[in-house]
Chemist: 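One structure, pasted below without further comment.
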Amino acid sequence: MEGRKIVSLTQNRADLRFPFPERFAERVSGQKIVRLGRRAKFLTVELSSGEVLVMHLGMTGRFTVSGHATARYKHETGTDPAHDHVVIVLDSHDIVTYNDPRRFGFMELWPAEQFQSYPRLMAMGPEPLSNHFSAAYLDTALKGKKAPIKAALLDQSVIAGLGNIYVCEALWRAKISPKRLSQSIPGQRAARLAPAINDVIAEAIEAGGSSISDFASASGELGYFQHRFAVYDREGQPCPACGTTIKRLVQSGRSTFYCPSCQR
DNA sequence: CGTGGTCCCTGGGCGC
DNA sequence: TGCGCCCAGGGACCAC
């Protein structure tokens with residue numbers, strides 16, 4: 001998409017999770033896409049107008065890029081026109097469709113020169129694959145924190161971009177109980193946890209992500225990291241390391257899966 | 001302030 | 001077959 005011009009944007013309803021920007025189609029049409037980026041789970045599109053289009057997929061959002069023939073997308077199997085909320089046509093004739101059944105995703109426009117004060121990203125923690133993230137950072141970030149480590153890792157101001165699946169998987173790899181208080185992690189446990197987070201994220205990206213029911217890449221490919229889950233969504237099944245039955249519990253409203261024997 | 005609960009929304013799966 | 005309930009990748013918001 002970089003370097004292409006947006007020919008048109010069609011918005012099929014007034015809102016997703018939040019209302020679409022005022023005069024959305026007008027502000028985006030005719031603009032060149034200068035750069036695509038990502039911070040945490042937010043996607044950014046720098047436009048030649050000086051505005052940044054910030055987008056989030058929520059839980060069920062999906063972008064599909066379909067090739068030149070308009071008809072192709074319409075006739076593809078498994079499509080869901082009822083939830084195609086935004087359709088963008090590029091000057092390459094590619095069609096970028098945003099589909100989102102639950103509408104927890106959103107799109108916003110923000111001035112590029114004030115992007116450092118974009119509220120939703122102001123308090124973001126470091127990217128797990130960047131140099132700003134390390135065992136030393138985790139040591140500092142978790143010191144004195146009373147929340148369970150599961151909750152702390154889901155907190156985007158501690159570390160950006162980890163969701164429920166990868167937090168469960170990283171804690172299993174680091175052999176840390178999800179119930180353990182964050183303040184007891186610094187030291188040896190942080191030394192195991194930081195690389196476990198790195199590895200699980202790097203491997204999941206390499207595997208094309210995790211497709212449970214909704215996720216697919218822009219070309220429609222499914223990920224296959226779900227076949228490598230050690231604990232996530234595996235309640236009642238054996239731990240791949242020790243054979244103990246995987247347990248499920250609810251922490252701050254979300255399911256946690258863990259091995260009660262390996263994870264301490 | 002940090003933390004936990006609730007809610008936004010649709011659809012799939014299950015028990016009855 | 002159909003109904004009601006529970007559950008789901010996220011995160012904003014509110015009460016304590």
Side-chain angles (χ1 to χ4, degrees), chain A residues 12-20 38-43 54-63 78-86 98-108 118-125 128 140-171 178-185 197 200-201 203-205 207-218 221-236 246-257:
Chain A
N12 293 327
R13 53 175 297 122
D15 55 30
L16 294 172
R17 175 165 188 183
F18 308 122
F20 282 106
R38 178 196 60 78
R39 175 78 170 101
K41 298 171 192 166
F42 296 73
L43 309 173
V54 186
M55 310 187 288
H56 198 293
L57 303 174
M59 288 171 86
T60 55
R62 170 196 294 210
F63 280 103
T79 59
D80 171 28
H83 302 111
D84 283 348
H85 305 307
V86 177
Y98 181 73
N99 181 285
D100 188 357
R102 289 177 74 180
R103 304 201 303 273
F104 284 176
F106 60 81
M107 299 188 185
E108 289 178 332
Y118 176 68
R120 304 186 199 286
L121 290 175
M122 288 269 283
M124 279 291 156
T140 314
L142 299 177
K143 257 186 192 125
K145 248 184 142 36
K146 298 205 190 304
I149 186 62
K150 165 74 190 308
L153 294 182
L154 277 178
D155 179 345
Q156 303 292 295
S157 69
V158 173
I159 176 171
L162 292 185
N164 205 28
I165 292 175
Y166 300 122
V167 167
C168 291
E169 293 297 310
L171 286 173
K179 293 184 275 193
R180 178 173 282 278
L181 298 190
S182 304
Q183 60 191 0
S184 75
I185 300 294
I197 289 170
V200 77
I201 288 294
E203 286 175 35
I205 291 170
S210 305
S211 293
I212 296 177
S213 62
D214 296 282
F215 173 77
S217 75
E221 302 294 312
L222 300 182
Y224 53 87
F225 193 75
Q226 67 279 11
H227 302 304
R228 305 237 288 268
F229 289 168
V231 286
Y232 185 82
D233 207 17
R234 294 194 65 243
E235 183 184 16
I246 303 296
K247 285 186 140 182
R248 171 185 179 269
L249 70 109
V250 175
Q251 291 177 291
S252 41
R254 320 196 94 97
S255 287
T256 300
F257 300 90

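In the text below, chain A, chain B and the rest are named by the order of the sequence lines, each starting its count at 1.
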Chemist: Can you pull out the residues from residues 148-159 of chain A that lie within a 4.0 Å heavy-atom distance of DNA chain C?
Modeler: A/Gln156

Chemist: Would one find a side-chain N or O of A/Lys41 under 4.0 angstrom from OP1 or OP2 of C/dG11?
Modeler: yes

Chemist: Which pairs pass side chain to side chain donor-acceptor pair (under 3.5 Å) with one or both residues in residues 141-160 of chain A, sequence neighbours excluded?
Modeler: A/Lys150-A/Asn164, A/Lys150-A/Thr256, A/Asp155-A/Ser157

Chemist: So what does the secondary structure string of DNA chain B come out as, 5' to 3', with Watson-Crick or wobble pairs under 3.5 angstrom, [ ] for crossing and | for pairs with another strand?
Modeler: .|||||||.|||||||

Chemist: According to salt bridge (charged side-chain N to carboxylate O under 4.0 Å, His left out), who are the partners of A/Arg248, at least two apart in sequence or on a separate chain?
Modeler: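 A/Arg248: no salt bridge (charged side-chain N to carboxylate O under 4.0 Å, His left out) contacts found.
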
Chemist: Who are the side-chain hydrogen bond (donor to acceptor under 3.5 Å, both in side chains) partners of A/Ser211, not counting sequence neighbours?
Modeler: none

Chemist: Can you pull every protein N or O that's under 3.5 Å from an N or O on nucleotides 12-16 of chain C?
Modeler:
| unit_1 | atom_1 | unit_2 | atom_2 | d |
| --- | --- | --- | --- | --- |
| C/dA12 | O4' | A/Arg17 | NH2 | 2.9 |

Chemist: Under 4.0 Å from a heavy atom of chain A: give me the 5'-most and 3'-most nucleotides of DNA chain B that qualify.
Modeler: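 Counting from the 5' end, contacts occupy B/dT3 to B/dG11.
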
Chemist: Within this structure, what is the CZ-to-P distance between A/Arg102 and C/dG9, rounded to whole angstrom?
Modeler: 8 Å

Chemist: Would you please name every residue forming a side-chain contact (heavy atoms from CB on, under 4.5 Å) with A/His83, sequence neighbours left out?
Modeler: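 Counting only residues at least two positions away or on another chain, A/His83 forms a side-chain contact (heavy atoms from CB on, under 4.5 Å) with A/Asp80, A/His85, A/Asn99, A/Pro101.
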
Chemist: Report the residues that fulfil side-chain hydrogen bond (donor to acceptor under 3.5 Å, both in side chains) with A/Thr60, sequence neighbours left out, ordered by chain and then residue number.
Modeler: A/Asp100

Chemist: A/Arg38: what forms a salt bridge (charged side-chain N to carboxylate O under 4.0 Å, His left out) with it, not counting sequence neighbours?
Modeler: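 Applying salt bridge (charged side-chain N to carboxylate O under 4.0 Å, His left out) to A/Arg38 gives A/Glu127.
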
Chemist: Return the set of residues passing side-chain hydrogen bond (donor to acceptor under 3.5 Å, both in side chains) with A/Asn12 (not counting sequence neighbours), or none when no residue passes.
Modeler: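 For A/Asn12, no residue satisfies side-chain hydrogen bond (donor to acceptor under 3.5 Å, both in side chains) once neighbours in sequence are set aside.
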
Chemist: Is there a side-chain polar atom (N or O) of A/Tyr166 under 4.0 Å from OP1 or OP2 of C/dG9?
Modeler: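 The answer is no; no side-chain N or O of A/Tyr166 sits under 4.0 Å from OP1 or OP2.
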
Chemist: Both A/Lys145 and A/Gly253 contact DNA chain B. Taking the nearest nucleotide for each, which residue is further toward the 5' end?
Modeler: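 Looking at DNA chain B, the more 5' nearest nucleotide goes with A/Lys145.
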
Chemist: Considering only residues two or more places apart or on different chains, which pairs with a residue in residues 222-234 of chain A satisfy side chain to side chain donor-acceptor pair (under 3.5 Å)?
Modeler: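 For residues 222-234 of chain A, and leaving out neighbouring residues, there are no side chain to side chain donor-acceptor pair (under 3.5 Å) pairs at all.
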
Chemist: C1' atom, C/dG9 versus B/dT3: distance in rounded Å?
Modeler: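 Roughly 23 Å separates the two C1' atoms.
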
